[in-house]
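Hydrogens, waters and symmetry mates are skipped; everything else that's a heavy atom, side chains included, is used.
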Amino acid sequence: MKEYHILNLGAGVQSTALYLLSREPDAKFRFDLAVFADTGEEPTAVYRHLDYLRSLGAPEIWVRSAGKLGDDLVGGRNSTGQRFASIPAFTKGQDGKVGMVRRQCTKEYKIDVCERAIRRELLGLKPRQRIPKDVALHQYFGISTDEAARAERAKKRFEGVKHTVPHWPLIKMGWSRKDCLAYLKDKLPHEVPKSSCVFCPYRTNQSWFNLKQTDSDGWKRAVEVDRALRDKHSVVTRGFRQELFVHRSCVPLDVIDFGKLQPNTIDPMTTGECQGMCGL
């Protein structure tokens, strides 16, 4: 059997901890490769952090992309050149009830990108070519004990897939996000930033405020995409009677006074509300 051990690197706290743990002399797991799926829309701090990890040399980190998600939203197309891949934007009905649009971005710009890199580049397979029976893929995910439900949802992706074995080392070790932070405290010259698109609707009010205060380019990009979601001439709005917004208040991002908003008590990026695999 040919076995490959691959880390799905989100460049967040948990997957960074896994990456550095694999470099320890007594590591219980090693990676042949780490893959970072780049939407092209991360905060500046995430790209700086990713550059630092890549400077360590090993395990090698592949950065792969299906294109710039924000450009595809503004232009009304997706990574396949067809219609756009929707983000989980908020809508408000006439009755005032807030809803969310179906999310496609995580699959097309994260999951599919990693799978394509593994199949085509690592294994050298052509599109739709089957993985050989003598190949075993071990994929590792940075999901901690406080996100156990997230791991259960992720397992469904691999049901019936014979050639891939998913692993959640942090859960096996009994590590929470706090344990990861404690481990990273003396391992890096900087804090690990949270990985997510600058216009991700799952951001908390604190996160939006921090983006506005610390990353002017990221904030401008978020405002640009938020406005594009309500462009009546864009394919993004096709089929929607309500306007789309990146903030759950259903108010344009650039007019919100975050200093007057109540802080979010729960972070949807670390709870069941955000069920994707973006910011691990």
Side-chain angles (χ1 to χ4, degrees), residues 6-12 14-15 33-42 46 62-91 99-123 125 127-131 137 139-143 147 149-161 163-168 194-203 225 228-229 235-236 238-240 244 246 268-280:
I6 306 152
L7 171 63
N8 286 255
L9 181 68
Q14 286 95 324
S15 64
L33 177 69
V35 181
F36 176 79
D38 184 15
T39 65
E41 305 289 0
E42 296 278 356
V46 171
W62 285 2
V63 178
R64 300 295 183 265
S65 177
K68 201 163 185 178
L69 175 55
D71 286 353
D72 293 346
L73 284 169
V74 173
R77 60 185 181 278
N78 66 0
S79 57
T80 64
Q82 301 170 2
R83 69 180 298 280
F84 74 101
S86 62
I87 63 173
F90 293 98
T91 65
M100 291 192 81
V101 175
R102 183 168 66 96
R103 177 178 52 193
Q104 299 169 315
C105 50
T106 297
K107 183 179 186 301
E108 291 198 21
Y109 290 82
K110 286 288 186 178
I111 296 173
D112 289 354
V113 169
C114 289
E115 295 298 327
R116 190 179 304 116
I118 292 170
R119 288 180 54 85
R120 297 187 184 181
E121 298 183 60
L122 183 63
L123 302 181
L125 301 178
R128 293 183 294 279
Q129 183 179 354
R130 292 184 178 181
I131 294 178
L137 297 172
Q139 291 198 47
Y140 296 76
F141 300 91
I143 298 180
E147 299 176 324
R150 201 173 183 184
E152 289 301 317
R153 288 189 293 271
K155 287 180 182 178
K156 295 181 180 179
R157 281 178 49 203
F158 301 97
E159 291 179 354
V161 180
H163 52 70
T164 300
V165 181
H167 297 272
W168 292 271
K194 180 170 288 187
S195 173
S196 68
C197 289
V198 293
F199 48 79
C200 179
Y202 285 118
R203 286 183 175 274
V225 171
L229 294 179
V235 70
V236 175
R238 187 179 300 166
F240 291 105
L244 304 179
V246 299
M269 291 293 291
T270 57
T271 65
E273 185 175 352
C274 176
Q275 300 176 15
M277 307 293 290
C278 299
L280 303 179

Minimal non-hydrogen separation, Cys105 against Pro88, with atom names: SG-CD, 4.0 Å
SB check Arg64 Glu121 (cutoff 4.0 Å): yes
Distance, nearest 0.5 Å, that separates CD1 of Ile87 from CG of Leu229: 5.0 Å
Give the intermediate values and the outcome of side-chain contact (heavy atoms from CB on, under 4.5 Å) for residues Val35 and Val113. CA-CA 9 Å; Val35 181; Val113 169; 5.6 Å; no
Lys107 bridged to Glu115 by N-O distance under 4.0 Å: no
Heavy-atom closest contact (Arg130 atom, Arg119 atom, distance): N-NH2, 4.5 Å
Any side-chain heavy atom of Lys110 within less than 4.5 Å of one from Thr39? yes
Intermediate values then yes/no, side-chain contact (heavy atoms from CB on, under 4.5 Å), Ile6 and Leu122: CA-CA 10 Å; Ile6 306 152; Leu122 183 63; 3.7 Å; yes
Within the side chain of Ser15, is there an N or O that forms a donor-acceptor pair under 3.5 Å with the backbone of Gly142? no
Below 4.5 Å, heavy atoms only, C-beta onward: do Pro201 and Arg103 meet side chain to side chain? no
Mark yes or no for whether Arg150, through its side chain, and Ile143, through its backbone, hold a donor-acceptor pair below 3.5 Å. no
With sequence neighbours excluded, tell me which residues meet ring pair (Phe, Tyr, Trp, His ring centres under 6.0 Å) with Phe199. none
Within the side chain of Glu41, is there an N or O that forms a donor-acceptor pair under 3.5 Å with the backbone of Gly70? yes
Rounded to the nearest 0.5 angstrom, the CD-SG distance for Gln139 and Cys114 is 7.5 Å
Is the closest basic N to carboxylate O distance between Lys155 and Glu152 below 4.0 Å? yes
Measure across Phe36 and Ala11 and return the closest heavy-atom pair with its distance rounded to 0.1 Å. CE1-CB, 3.8 Å
Distance, nearest 0.5 Å, that separates CG of Leu137 from CD1 of Ile131: 5.0 Å
Might you point out which heavy atoms bring Val46 and Lys194 nearest each other, and give the distance in Å? CG2-O, 3.5 Å
Distance in Å, Leu244 CG paired with Met100 CE, rounded so as to fall on 0.5 Å steps: 11.0 Å
From CA spacing to verdict: side-chain contact (heavy atoms from CB on, under 4.5 Å), Glu42, Cys197: CA-CA 5 Å; Glu42 296 278 356; Cys197 289; 5.8 Å; no
In terms of relative ring orientation, are Tyr140 and His167 parallel, tilted or perpendicular, with 30° and 60° separating the classes? parallel
Could you please spell out the steps behind the side-chain contact (heavy atoms from CB on, under 4.5 Å) verdict for Phe141 and Gln14? CA-CA 8 Å; Phe141 300 91; Gln14 286 95 324; over 6 Å; no
Pair Asp38-Tyr109, side-chain hydrogen bond (donor to acceptor under 3.5 Å, both in side chains): steps then yes or no: CA-CA 7 Å; Asp38 184 15; Tyr109 290 82; over 6 Å; no
pair Ile111-Thr106: side-chain heavy atoms closer than 4.5 Å: yes
